Colleague: 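A single structure is presented below for examination.
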Amino acid sequence: MRIDRHWFGEVIVLLAALAACSGSQSVPPAVGGNTSAMQRARPGAGSWMNPAAKKQRLMYVSDTGTGNVYIYQVSNFSLVGTLEDVQAMGMCVDKANDVWVVNGNGMLEFAHGGTQVIGEFSSGGGFTSSCATDPSSDDVALGTLYYGSAPGSIDICNVTSGCTMYNPHVISFVDFLSYSKDGVLYADGANAGRSGFAMASFSSRKFHRFTLKGGSIAAPGGIVNANGVLSVGDGEATVYQVSTNGTITGTTALS
């Protein structure tokens with residue numbers, strides 16, 4: 001699935017389980033950077049949630065056309081809540097099943113089935129578009145697409161120690177992020193000038209060029225690590241299954 005950051009109105013889907021998704025620079029923890037912008041992104045007065053949702057398996061759907069997140073009960077796909085006007089872009093879920101919503105200025109944390117902000121990180125002025133949570137540590141990675149005309153970055157954030165900013169080098173404009181079960185972060189996006197696809201992996205506090213073997217990708221698409229399989233999207237046409245050494249092992253064509 002492609003999510004083109006130059007167009008709005010796309011939908012991003014996140015499944016949440018039952019309540020009981022280079023050089024570095026340190027930045028302050030949970031509200032740093034553009035605080036006023038983050039405050040403007042609080043849920044609107046029309047936000048609501050069915051109280052029973054906290055005990056259900058939920059699907060979170062962000063709609064950048066409205067800026068809302070719609071929450072559905074997975075068992076029957078009925079609407080059980082809405083986070084209104086949170087300027088929603090990407091989303092991710094952590095081990096506690098709390099949901100992080102990226103809003104262009106940073107990200108806001110919501111409890112599973114809740115409408116109140118329980119945590120937040122700011123980008124410090126860049127345009128943020130994606131996040132991923134590390135299942136091995138519960139750190140949250142925040143992808144910044146760009147700072148005005150300047151390239152973006154990736155922040156690795158911890159609720160206790162704050163965020164550390166990394167420049168992935170091979171990726172100038174960061175589009176999508178995903179962690180593997182063993183804590184390796186994968187990122188894709190575009191190189192300088194947005195003239196081509198680029199991908200990197202992050203481990204041992206360093207970014208490494210991730211080169212695909214057996215094919216090529218024209219435009220950045222979503223990345224998903226699930227059941228030991230790394231899947232990488234190419235524009236609107238194809239999803240590739242990729243081994244940890246970069247070899248393309250399968251494809252899924254999209255209509």
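The structure presented is a predicted model; accordingly, all values stated were derived computationally and were not measured.
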Colleague: Measuring centre to centre across the rings, with the benzene-like ring taken for any Trp, is Y72 within less than 6.0 Å of F77?
Modeller: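 Distance test on ring centres: not under 6.0 Å, no.
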Colleague: Nearest heavy-atom pair of V117 and E120: which atoms, and what distance?
Modeller: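 Answer, listing the atom of V117 first, then E120: CG1-OE2, 4.2 Å.
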Colleague: Please find the pair of heavy atoms, one from T128 and one from M89, that lie closest to each other, and give the distance.
Modeller: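 Scanning both residues completely, I find the closest heavy atoms to be O-CG, 4.2 Å.
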Colleague: Do you know the tightest heavy-atom contact between V69 and M91?
Modeller: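 So the two residues come closest at CG1-SD, 4.0 Å.
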Colleague: For a 4.5 angstrom cut-off between non-hydrogen side-chain atoms, does T144 reach M165?
Modeller: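 T144 vs M165: side chains apart.
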Colleague: Main chain of M49, side chain of T115: is a donor-acceptor contact present, judged purely on distance under 3.5 Å?
Modeller: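 Absent.
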Colleague: Is V61 reachable from V74 through a run of hydrophobic residues whose side-chain heavy atoms are each under 4.5 Å from the next?
Modeller: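 The answer is yes; both residues are in one hydrophobic cluster.
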Colleague: Identify whether I223 and V229 are in the same connected component of the hydrophobic contact network (ILVMFWY, side-chain heavy atoms under 4.5 Å).
Modeller: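 No, I223 and V229 fall in different hydrophobic clusters.
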Colleague: How close do V140 and C131 get, counting heavy atoms only, and between which atoms?
Modeller: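 The pair with the smallest heavy-atom distance is CG1-CB, 4.5 Å.
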Colleague: Judged by atom type as modelled, is there a donor-acceptor pair below 3.5 Å linking the side chain of S123 to the main-chain atoms of G125?
Modeller: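 Yes, S123 side chain to G125 backbone: donor-acceptor pair under 3.5 Å.
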Colleague: Any sub-3.5 Å donor-acceptor pair from H112's side-chain atoms to R57's backbone N or O?
Modeller: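 No; judged by distance alone, with no hydrogens or angles, the pair does not exist.
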Colleague: Group every Ile, Leu, Val, Met, Phe, Trp and Tyr by side-chain heavy-atom contacts under 4.5 Å, then state whether V102 and I118 land in the same group.
Modeller: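 No, V102 does not connect to I118 through the hydrophobic network.
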Colleague: Do any N or O atoms from the side chain of D234 and from the backbone of A218 form a donor-acceptor pair under 3.5 angstrom?
Modeller: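 It does hold such a pair.
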Colleague: Rounded at 0.5 Å granularity, tell me how far SG in C163 sits from CG in D139.
Modeller: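 One finds 9.5 Å between SG of C163 and CG of D139.
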Colleague: So, taking the atom named CG in D98 and the one named CG in L108, what distance separates them when rounded to the nearest 0.5 Å?
Modeller: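 D98 atom CG to L108 atom CG measures 13.0 Å (nearest 0.5 Å).
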Colleague: If you apply the rule side-chain contact (heavy atoms from CB on, under 4.5 Å), what do you find for F197 with L212, and how did you get there?
Modeller: CA-CA 11 Å; F197 173 85; L212 296 178; 4.1 Å; yes
Colleague: Less than 4.5 Å apart, any side-chain heavy atom of F173 and any of P220?
Modeller: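 Sidechains of P220 and F173: no contact.
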Colleague: With heavy-atom distances below 4.5 Å as the criterion, would you say the side chains of H208 and S203 are in contact?
Modeller: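 Result yes, sub-4.5 Å side-chain heavy-atom pair found.
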Colleague: Is it true that the side chains of S153 and Y147 contain a donor and an acceptor less than 3.5 Å apart?
Modeller: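 Yes - a donor-acceptor pair under 3.5 Å links their side chains.
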Colleague: Do I71 and L83 come within less than 4.5 Å of each other through their side chains, counting heavy atoms only?
Modeller: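 Heavy-atom side-chain distance check passes, below 4.5 Å.
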Colleague: For L177 versus V174, what's the shortest heavy-atom pair and its separation?
Modeller: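 The pair with the smallest heavy-atom distance is CD2-CG1, 3.9 Å.
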Colleague: Are L145 and D175 side-chain neighbours, meaning at least one heavy-atom pair lies under 4.5 Å?
Modeller: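 The answer is yes; the side chains approach within 4.5 Å.
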Colleague: For the CD1 atom of I217 and the CG atom of D188, what is their distance to the nearest 0.5 Å?
Modeller: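 It is 7.0 Å, given to the nearest 0.5 Å.
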Colleague: Taking S78's backbone N and O only, do any of them form a donor-acceptor pair with N76's side chain (distance below 3.5 Å, no angle check)?
Modeller: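 Such a contact is found between N76 side chain and S78 backbone.
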Colleague: Hey, are the side chains of E109 and D94 touching, using non-hydrogen atoms and a 4.5 Å cut-off?
Modeller: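 Side-chain contact under 4.5 Å: yes.
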Colleague: With rounding to the nearest 0.5 angstrom, report the CD1 to CG distance, I154 to L185.
Modeller: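 Spacing of CD1 (I154) from CG (L185) equals 5.5 Å.
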Colleague: Tell me whether the count of non-hydrogen atoms from other residues, nucleotides or ligands lying under 6.0 Å of NZ in K95 goes above 12.
Modeller: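 More than 12 within 6.0 Å, yes.
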Colleague: Between L230 and F210, is any pair of side-chain heavy atoms under 4.5 Å apart?
Modeller: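 When only atoms from C-beta onward are counted, F210 and L230 do touch, with a gap below 4.5 Å.
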Colleague: From Y186 OH over to N225 CG, what is the distance, rounded to the nearest 0.5 angstrom?
Modeller: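 It comes to 6.5 Å.
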Colleague: Using the test side chain to side chain donor-acceptor pair (under 3.5 Å), find all partners of Y70 that sit at least two apart in sequence or belong to another chain.
Modeller: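 Expected list: T66, N68.
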Colleague: Could you tell me whether the side chain of N167 and the main chain of H169 form a donor-acceptor pair under 3.5 Å?
Modeller: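 No.
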Colleague: Please collect all side-chain hydrogen bond (donor to acceptor under 3.5 Å, both in side chains) contacts where either partner lies in residues 209-224, sequence neighbours excluded, each pair once.
Modeller: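 Pairs touching residues 209-224 that pass the test: none.
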Colleague: Could you check whether E84 and T82, counting side-chain N and O atoms only, form a donor-acceptor pair closer than 3.5 Å?
Modeller: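 Note: T82 and E84 side chains miss the donor-acceptor criterion.
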Colleague: Which value, rounded to the nearest 0.5 Å, describes the distance between F127 atom CZ and N103 atom CG?
Modeller: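 If we round to the nearest 0.5 Å, F127:CZ and N103:CG are 9.0 Å apart.
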Colleague: Parallel, tilted or perpendicular: which describes the rings of F207 and F202, with under 30° parallel and over 60° perpendicular?
Modeller: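 The arrangement is tilted - the two ring planes meet at 30° to 60°.
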Colleague: Does any non-hydrogen side-chain atom of V224 lie less than 4.5 Å from one of F176?
Modeller: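 F176 vs V224: side chains apart.
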Colleague: Can you name the nearest heavy-atom pair linking S136 to G183, along with the distance?
Modeller: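 Taking S136 first and G183 second, the nearest heavy atoms are OG-CA, 3.6 Å.
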Colleague: Assess whether side-chain contact (heavy atoms from CB on, under 4.5 Å) is satisfied between R205 and T164, documenting all intermediate values.
Modeller: CA-CA 10 Å; R205 306 191 72 80; T164 300; 4.2 Å; yes
Colleague: Hey, mind stepping through V184 and D182 against side-chain contact (heavy atoms from CB on, under 4.5 Å) and telling me if it holds?
Modeller: CA-CA 6 Å; V184 177; D182 54 357; 3.9 Å; yes
Colleague: Just by distance, do the side chain of T249 and the backbone of Q241 share a donor-acceptor pair under 3.5 Å?
Modeller: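 Checking the backbone N and O of Q241 against the side chain of T249, a donor-acceptor pair under 3.5 Å is found.
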